[in-house]
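Beneath this line is the structure, given in C-alpha cells, with notes to follow.
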Amino acid sequence: MNMHIALVPGDGIGPEIVKEAVRVLDRIASIYGHSITYTTVDAGGVSIDKYGVPLRKEALEACASSDAVLLGAVGGPKWDKVPGDKRPEKALLGLRSGLGLFSNLRPAVIYPELSDASPLKKEIIESGIDILILRELTGGIYFGKRGRSDDGKSAYDTMSYSDGEIRRIAVKAFESAMLRKKHVTLVDKANVLESSRLWRETVSEVAESYPDVTLDYMYVDNASMQLVRNPSQFDVILTENMFGDILSDEASMITGSIGMLPSASLGEGKRGMYEPIHGSAPDIAGKGIANPIATILSAAMMLRYSFSLEKEAAAIENAVKEAISDGVRTADIAEKGDSYLSTSECGDEILRRLV
Ligand code: IPM
Ligand code: MG
C-alpha cells in the first residue's frame with residue numbers, strides 16, 4: 001500500500017516525538033512492503049513565528065489532501081500573550097473542524113507494570129482501567145458563538161448542538177462498544193443544560209439499534225468523581241466536546257501514563273488525525289528525554305483506522321508492550337532514582353522489537 005501522511009510536528013517536544021514515530025512507520029513499511037510519502041506541515045507556534053498565523057490555508061490543504069495526519073503537539077508559553085484567535089491552539093481547532101473530525105477517541109488504559117505510577121490506591125486500580133472516551137470534537141462551546149459586550153465587561157460562549165451532530169458520534173460510540181465490553185455511559189449535565197437533554201434524547205434513540213449494548217447516563221460532576229472512586233465501572237464514555245476535554249485529562253492521569261496514551265480524531269471517511277494525548281511539554285523540549293510512546297501508539301492507531309492495517313498496528317502495539325515489560329523506561333515512567341532512556345533510545349528499543 002502507498003500511504004500519504006502529513007506530519008505536523010508542531011511545538012515543544014512535538015518534533016522529537018514525531019521523529020521516533022516516523023522511524024517506526026518506516027520500519028513497518030519496510031517489513032510489510034508498504035511505501036509512505038510524507039509531507040511536513042507547519043502548524044501552531046512554529047507557524048506563528050514563520051508566517052504570523054497558527055494555521056495557513058496551505059497547511060490545512062496539505063493535510064486535507066493526505067490520507068492521514070500525525071501531529072506532535074502545539075503551543076507553549078512563548079505564545080501565551082498572543083490574542084485568542086491567533087493562539088497556537090487555533091491550529092488544532094482549525095484542523096479538527098477543517099478536516100471534519102467530529103469524533104475523538106481517547107483510550108485510557110493502565111499498564112500493569114506501570115501501575116505504581118497511578119496516583120490512585122492499589123485496591124482501586126486492581127480491577128484494571130480500560131476506558132475509551134469518545135469526545136465530540138467539532139461542536140459545542142468550542143465552536144459556538146462567542147463574544148464580548150461593547151464595553152468589554154461581559155462575555156459569552158455558547159454551547160449548541162444539533163441532533164445530527166449528536167447522532168453521528170453516538171453511532172461511533174455504540175460501534176466501538178460492540179467491540180469492547182458493550183457498555184456506553186453518556187456523560188452530560190442534563191439536570192441543567194438543554195443541550196444535554198437533547199443528547200439524552202438522541203443517544204437513547206440511537207441505542208435502540210444496539211440492543212446488546214447497555215446505555216447509562218451520568219452527570220459530569222458525578223463522572224469526574226466516579227473516575228477516581230471506581231474507574232473500572234467504565235467502558236465507553238460518550239460526551240460532548242468540553243466535558244470530554246476535561247474528563248480525558250482526568251482519565252489519562254489516573255492511569256499514571258499520560259506519556260503513553262495515543263488518540264485518534266475521525267470523521268465520516270477514512271482520513272484521521274492522530275496525536276498523543278499529552279501536550280508540548282515546553283519544560284523538557286529539546287532535551288531529548290520526552291517519551292515517544294504515545295506518538296508511536298498514535299501511529300499504530302493511524303494504521304488501524306485510516307489504512308485498515310490491523311496486523312501492522314498490532315505489531316507496533318506488541319513491540320511497545322514488550323518494551324515496557326522488558327523494563328524500557330523514559331524519565332516520566334521510570335521509578336524515582338532509576339536511570340532512564342532518551343527519546344531516541346526508547347525509539348531504538350521499540351524498533352528492535354518490531355517483527
Ligand atoms: C486537547 C487540548 C485542546 C483542547 C487544546 C490545546 C485546544 O486540550 O486536545 O485536549 O482543548 O481540545
Ligand atoms: Mg485537553
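Both counts, for ligands and for their atoms, begin at 1 and track the order of listing.
Of the heavy atoms in H278, none comes closer than 4.0 Å to ligand 1. When non-hydrogen atoms are compared, ligand 1 lies under 4.0 Å from neither the backbone nor the side chain of M242.
Evaluated for a side chain to side chain donor-acceptor pair (under 3.5 Å) with T185, the options T239, T214, D216 yield exactly one hit, D216.
Remark: R87 engages E89 in a salt bridge, criterion side-chain N to carboxylate O under 4.0 Å. Residues K78 and D11 are not paired through a salt bridge, judged by the lack of any N-O separation under 4.0 Å between the basic side chain and the carboxylate.
The protein atom (non-hydrogen) at minimum distance from atom 10 (O) of ligand 1 is D245 OD1, 2.9 Å. Closest to atom 4 (C) of ligand 1, if we only count protein heavy atoms, is Y142 OH, 3.5 Å. Nearest non-hydrogen protein atom to atom 1 (C) of ligand 1 is R106 NH2, 3.3 Å.
With a cut-off of 2.8 Å, the Mg ion (ligand 2) has an N, O or S atom of D245 in range.
The backbone N or O of V18 sits nowhere less than 3.5 Å from a side-chain atom of E16 that would complete a donor-acceptor pair.
Against a heavy-atom cut-off of under 4.0 Å, R96 is close to the following atoms of ligand 1: 1 (C), 4 (C), 9 (O), 12 (O). The ligand atoms of ligand 1 that sit less than 4.0 angstrom from a heavy atom of R135 are 1 (C), 4 (C), 9 (O), 10 (O), 11 (O), 12 (O).
Atom SG of C346 sits about 12.5 Å away from atom CD1 of I289, to the nearest 0.5 Å.
Under the 30°/60° scheme for interplanar angles, the aromatic rings of Y161 and W199 are found to stand perpendicular.
Taking only nitrogen or oxygen atoms, main chain and side chain alike, E89 does not reach within less than 3.5 Å of ligand 1.
Side-chain contact annotation: E175 with Y210, donor-acceptor N/O pair under 3.5 Å present.
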